Amino acid sequence: MSSIGTGYDLSASTYSPDGRIFQIEYANKAVENAGTVIGIRVKDGVILAAQKLLDSKLLVPGTAKRILTADMHIGLASAGLRADGKHLQTRAREECKNYRDNYMSPIPLKQLSDRLGSYLNAYTLYSSVRPFGISTLISSYDKNGPQLYAIEPSGLYWGYQATAVGKGKQLAQTELEKLNFDELSMHQAVFEAARIIHLIHDPTKDKGFELEISWVGKDSQYKHAHVPAQLYDEANEFGRTQAESGRMQE
Amino acid sequence: MTANFTSWGRPFTDAKMDMYGGDITQRYQLGAQQLAATSDNFTEGVQKTQQPIVTGTSVIGLKYKDGIMLAADNLASYGSLARFKDIQRLYGVGDNTVIGAAGDMSDFQHVQHELESLFIDEYCNDDGHTLGPAQIYEYLSTLMYHRRSQLNPLWNAFVVGGVDPKSGESTLAYVDLLGTTYSAKTIGTGYASMIAIPLLRRLVEDREEPPNEEEALEIIKTCMKVLFYRDARSLNKFQVAKITKSGADISPSMSVETEWGFAEGIRGYGAQTQ
């Protein structure tokens with residue numbers, strides 16, 4: 001360990017001689033160890049799915065949700081330090097309200113990404129703070145259609161057709177690239193999302209998990225919400241059996 | 001009126017003196033400390049709302065068999081001028097509550113915004129709870145009383161109607177710029193409290209059984225017609241909100257048949273010479 005960083009990693013406001021900021025890279029490490037979150041943008045809406053790793057078998061099912069809501073039409077799901085994710089939701093909520101108070105209309109996702117990006121970036125500039133240990137996917141549907149953005153610990157943000165963050169990022173992205181987003185309905189995308197989350201989970205290695213799926217778009221009356229119980233059960237079961245049969249073939 | 005509560009209810013000449021003849025205007029000034037703390041060069045120039053500007057007239061509401069029915073016309077007046085004729089004065093908060101607003105329309109818009117913010121805040125908690133009519137009414141009446149206590153009222157009278165989707169319990173209640181609250185089977189604000197309430201009491205409250213939807217709509221139309229005849233700040237174009245256990249629905253604008261032939265025979269007003 002002693003060779004890592006060699007003194008240049010003690011503060012987010014210090015560069016290493018080759019121009020890196022180690023604190024941000026460590027924040028990305030926190031993201032890489034976290035349960036996977038994926039987002040899929042299709043014609044009529046956006047789906048978010050999260051692999052909620054269970055720290056204890058005693059947790060009440062369906063509690064301590066990872067997919068959060070920032071406004072009627074905006075969902076956000078973070079991979080990384082859970083408390084940082086909750087804090088970012090609080091900030092996102094304030095930004096959404098602030099925009100509504102000033103402009104009397106719902107905030108476009110690009111605006112929210114920009115504001116949250118700036119907020120995260122501010123935590124990479126001072127020695128007295130640490131960067132956020134989260135990568136966050138945010139989804140929305142508004143008059144500009146379905147939108148999906150990912151925000152990194154550095155404050156960088158990107159718009160996506162589909163993306164994944166967290167432990168199973170690589171495998172999930174490979175799977176996502178196979179999908180035809182122009183053809184998929186929201187309903188189908190829910191099932192695909194469930195399949196991918198189950199697929200990247202290795203029951204022999206990983207601890208137990210709970211699947212979470214939310215959507216925003218036509219099928220949810222353009223509100224961000226967790227998918228209804230019945231659809232959730234169907235998708236979860238579908239994902240589980242698909243992933244199992246996949247493993248059998250290997 | 002003075003903000004000095006020791007003067008309330010006392011003759012004006014006595015108002016400045018306590019029982020020993022001391023000048024009490026220099027004492028017990030409500031919020032005097034805050035005022036001193038926040039005052040600057042502009043404090044003298046600050047005015048609070050002292051009159052409504054663009055106004056809506058009465059709102060009526062009644063309880064019927066399946067829930068609550070509200071009605072308000074589409075007029076926003078500027079003084080006596082019928083300035084805006086397509087204003088919606090019924091506002092749905094969530095799926096189970098509708099509020100009807102009389103009084104200042106800009107204050108009403110502000111209240112709509114406040115309630116929307118509140119509703120989104122609750123939605124973001126994502127805990128399976130939503131605000132029902134009882135909660136929204138409680139919030140609204142607290143807000144109204146708070147503002148009147150700051151001597152800066154929201155110049156409205158609101159009728160809140162709704163049915164709780166879980167318990168099926170219906171709410172029909174009133175709150176105004178003074179923070180006055182009450183609930184009843186029939187409610188009318190302003191002009192309607194004089195013109196429509198006697199009708200509503202006879203047609204709704206004196207019955208054995210509450211009216212069904214069809215009868216309720218007829219009663220509403222009757223009242224809106226009489227209000228249009230009598231209230232010079234009204235319009236024969238109104239909307240009706242129905243709130244039942246399954247949700248709220250605000251109708252498109254409608255009107256009622258009116259008969260003005262009798263006006264020919266009226267003497268004593270206007271330009272006629274005999």
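All values derive from a computational prediction rather than experimental measurement. Residue numbering restarts at 1 for every chain, and letters A, B, ... go by the order of the sequence lines.
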- Check whether A/His226 gets within reach of chain B through its side chain, its backbone, both or neither, counting any heavy atom under 4.5 Å. side chain
- Note on the structure: So, the part of A/Lys223 with a heavy atom under 4.5 Å from chain B: the answer is both
- Item | Selection from A/Arg93, A/His224, A/Lys97, A/Lys65 maximising heavy-atom pairs under 4.5 Å formed with chain B | A/Arg93
- Message: Would the distance check show the side chain of B/Asn156 and the main-chain N or O of B/Phe158 forming a donor-acceptor pair, the cut-off being under 3.5 Å?
- Response: no
- Query: Which answer fits B/Asp121, side chain, backbone, both or neither, if we ask what part of it has an atom under 4.5 Å from a heavy atom of chain A?
  - Reply: both
- Are the side chain of A/Glu212 and the backbone of A/Arg66 linked by a donor-acceptor contact shorter than 3.5 Å? yes
- Task: Would you please say whether a donor-acceptor pair under 3.5 Å links the side chains of A/His87 and A/Tyr119?
- Result: yes
- Atom CG in B/Leu143, atom CZ in B/Arg147: separation rounded to 0.5 Å? 7.0 Å
